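Okay, so here's the structure we're looking at.
Read the numbers this way: they start at 1 and go in the same order the structure lists the ligands and their atoms. Owing to the predicted nature of the structure, the values given are computational and were not obtained by experimental measurement.
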Amino acid sequence: MSSESRQRTAEETPAPLPVFDVRTHDAAIAAEIGAAIQRAVASGWFILGPEGERFETAFATWLGGGHVVGAASGTAALSLALRAAGVGPGDSVLTVPNTAIPTVSAISAVGAEPVFVDVDPETALLDLSRIDAAVRPNSRAIIPVHLYGRALDLDALMPIARHHGLVVIEDAAQAHGARWRGRPAGTWGNFGCFSFYPSKNLGAYGDAGAVWTADEEDARLLRSLRNYGQSERDRHERVGLNSRLDEIQAAILNAKLPHLVHWNQQRRRLAARYRELLAPLPLTLPPPAPTEEAHVYHLFTVRVAERGRVRDRLADRGIGSQAHYPTPIHLQEAYSHLGYHAGDFPAAEAWCRETLSLPFSPALGENDLRRVVQVLTETLGGRRDG
Ligand SMILES: Cc1ncc(COP(=O)(O)O)c(C=O)c1O
């Protein structure tokens, strides 16, 4: 903390404004969520019961059809999808380096090798023009990530994947309701994986996730894999996992799902307002979504060269911020054995150096946004607008 901020008296310090706070996000429907939890507990069913079934049906309908299979987390959903696709040791899987590490841990969890592909410098999403050069003879699947709530152009990706015989497993952990040409992210490929981590656009009160698939057989396989490889009680056709969505989390998701469209609309409205307020400042705003895309702004991220200084100044004023993600996966210690180096993926690396997520939630108001912009203006200079 700087000496300037230490001098400020306690009453001058406004309430903390975190990057995201699930309590303020859910405040308006706290009673509904409480009742849902009570209902689940009173039912006496805690694993694979009516709440989970109801959620799987409701979320599949919300996504426009197909099958949804609940899982223990988004990471578990990705691992289940990879296993259902038959990916395992000796195979490689393409994905991007600027993602949450679980995208890549899921690949390692099935014994396959991650192969990275650089991203579009503008959007931070997979650069489709680089897939051909990255594919290896043992590549079996590709995991495009709909990062920050942006929908990647899957319409263009699908023929490339088909050409190389790659199974497409969408990482839609940050993109509940994002669309490309009207079709939801997570429903273009063979599998779509969602996380319901508490801070996600649709969040549970613990770990939770789900896999979407159009294929009934794959859905049956996923249901078996998540439940010890069981096909019916005491019959195990395959080696499986314990990776189930529990009933209390499913009940919470059932209470929250009907509000998701409204929350996503609020996110878009607030993102547009942030853009107006930030326009005069010397930082890079996220590129506007093209007409084909419905962006759901899981995060509101800008790019700024002096990220460390900006984050310190925001923190001094009680404002949270984060970098999603400061270290690209190919430069993480855990993946040093893959033999990649700094400079291998310049666009992803530049995003990791500069990306900055500002406080963002459908529950924020005009004053919250102005408070953030005020500090950024003081820190970076530029004309304060409005
Ligand atoms: C892009 C991405 N993929 C995968 C995951 C993994 O989800 P979970 O934390 O539910 O395992 C997350 C969430 O952290 C994520 O943001």
Side-chain angles (χ1 to χ4, degrees), residues 19-20 22 52 55 59 68-83 93-110 112 114 116-117 119 123-126 141-152 154 168-178 184-186 189 191-212 222 226 241-246 248-250 252-253 256 267 295-301 322-330 332 334-335 348 351-352 355 357 360-361:
V19 176
F20 179 83
V22 76
F55 177 69
F59 196 48
V68 166
V69 179
S73 66
T75 317
L78 286 160
S79 285
L80 286 168
L82 285 160
R83 286 180 67 138
V93 178
L94 278 63
T95 193
V96 291
N98 60 327
T99 180
I101 200 158
T103 311
V104 186
S105 348
I107 299 170
S108 306
V110 300
F116 295 110
V117 185
V119 296
T123 64
L125 304 181
L126 181 73
I142 183 165
I143 306 185
V145 181
H146 300 287
L147 196 69
Y148 305 151
R150 293 209 82 123
L152 178 69
L154 262 289
V168 177
I169 299 172
E170 293 174 70
D171 184 337
Q174 301 187 358
H176 318 72
F191 300 95
C193 298
F194 293 87
S195 164
F196 306 118
Y197 184 83
S199 62
K200 297 298 196 239
N201 290 35
L202 179 63
Y205 284 3
D207 279 315
V211 187
W212 175 93
L222 288 162
R226 74 171 173 183
L241 305 166
N242 173 355
S243 178
R244 303 169 300 218
L245 171 65
D246 76 63
I248 292 178
Q249 302 309 331
I252 293 164
L253 295 170
K256 291 176 83 168
R267 284 175 184 272
H295 191 329
V296 291
Y297 289 94
H298 170 56
L299 297 167
F300 188 84
T301 52
Q322 250 175 285
H324 295 93
Y325 297 90
T327 307
I329 315 289
H330 66 287
Q332 289 281 2
Y335 287 101
W351 270 95
C352 290
T355 187
S357 304
F360 201 62
S361 153

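- Around atom OH of Tyr197, no more than 12 heavy atoms belonging to other residues, nucleotides or ligands sit under 6.0 Å away.
- Without hydrogens or angle criteria, Lys256 side chain to Ala204 main chain gives no donor-acceptor distance under 3.5 Å.
- Side chain of Asn98 to backbone of Ala124: a donor-acceptor contact under 3.5 angstrom is found.
- Counting only distance, with no hydrogens or angles, the side chain of His176 and the backbone of Ser195 share a donor-acceptor pair below 3.5 Å.
- With contacts defined as side-chain heavy-atom distances shorter than 4.5 Å, the pair Phe196/Ile252 does not qualify.
- Ligand-side atoms of ligand 1 in range of Lys200: 12 (C), 13 (C), 14 (O), 15 (C), 16 (O), range being under 4.0 angstrom from any heavy atom.
- For ligand 1, the polar-atom distance check finds an N/O of Ser195 within less than 3.5 Å of one of the ligand's N/O atoms.
- No heavy atom of Asp207 sits closer than 4.0 Å to any atom of ligand 1.
- The shortest separation from a heavy atom of His298 to ligand 1 is not under 4.0 Å, leaving the residue out of contact.
- Proximity to Ala173 (heavy-atom distance under 4.0 Å) selects the following atoms of ligand 1: 2 (C), 3 (N), 4 (C), 5 (C), 12 (C), 15 (C).
- Any N or O atom pair closer than 3.5 Å counts here, and Gly74 shares at least one such pair with ligand 1.
- The distance from ligand 1 to the heavy atoms of Ala100 drops below 4.0 Å at these ligand atoms: 2 (C), 15 (C), 16 (O).
- Looking at Asp171, Leu299, Thr95 and measuring to atom 4 (C) of ligand 1, the nearest heavy atom belongs to Asp171.
- Between Thr99 and ligand 1, not a single N/O pair is under 3.5 Å apart.
- Atom 5 (C) of ligand 1 has its nearest heavy-atom neighbour, among Pro198, Ala172, Pro102, in Pro102.
- Side-chain atoms of Tyr148 and Ser357 include no donor-acceptor pair closer than 3.5 Å.
- Under a 4.0 Å heavy-atom criterion, Tyr325 is in contact with ligand 1.
- Of the N or O atoms in Gln174, one or more lie within a sub-3.5 Å distance of an N or O in ligand 1.
- Using a 4.5 Å cut-off on side-chain heavy atoms (C-beta onward), Tyr205 and Ile248 make no contact.
- Contact annotation: the side chain of His298 never approaches that of Phe20 to less than 4.5 Å [non-hydrogen atoms, C-beta and beyond].
- A heavy-atom distance below 4.5 Å is not found between the side chains of Phe116 and Val96.
- Below 4.0 Å from some heavy atom of Thr103 lie the following atoms of ligand 1, by number and element: 3 (N).
- Of the heavy atoms in Thr75, both backbone and side-chain atoms come closer than 4.0 Å to ligand 1.
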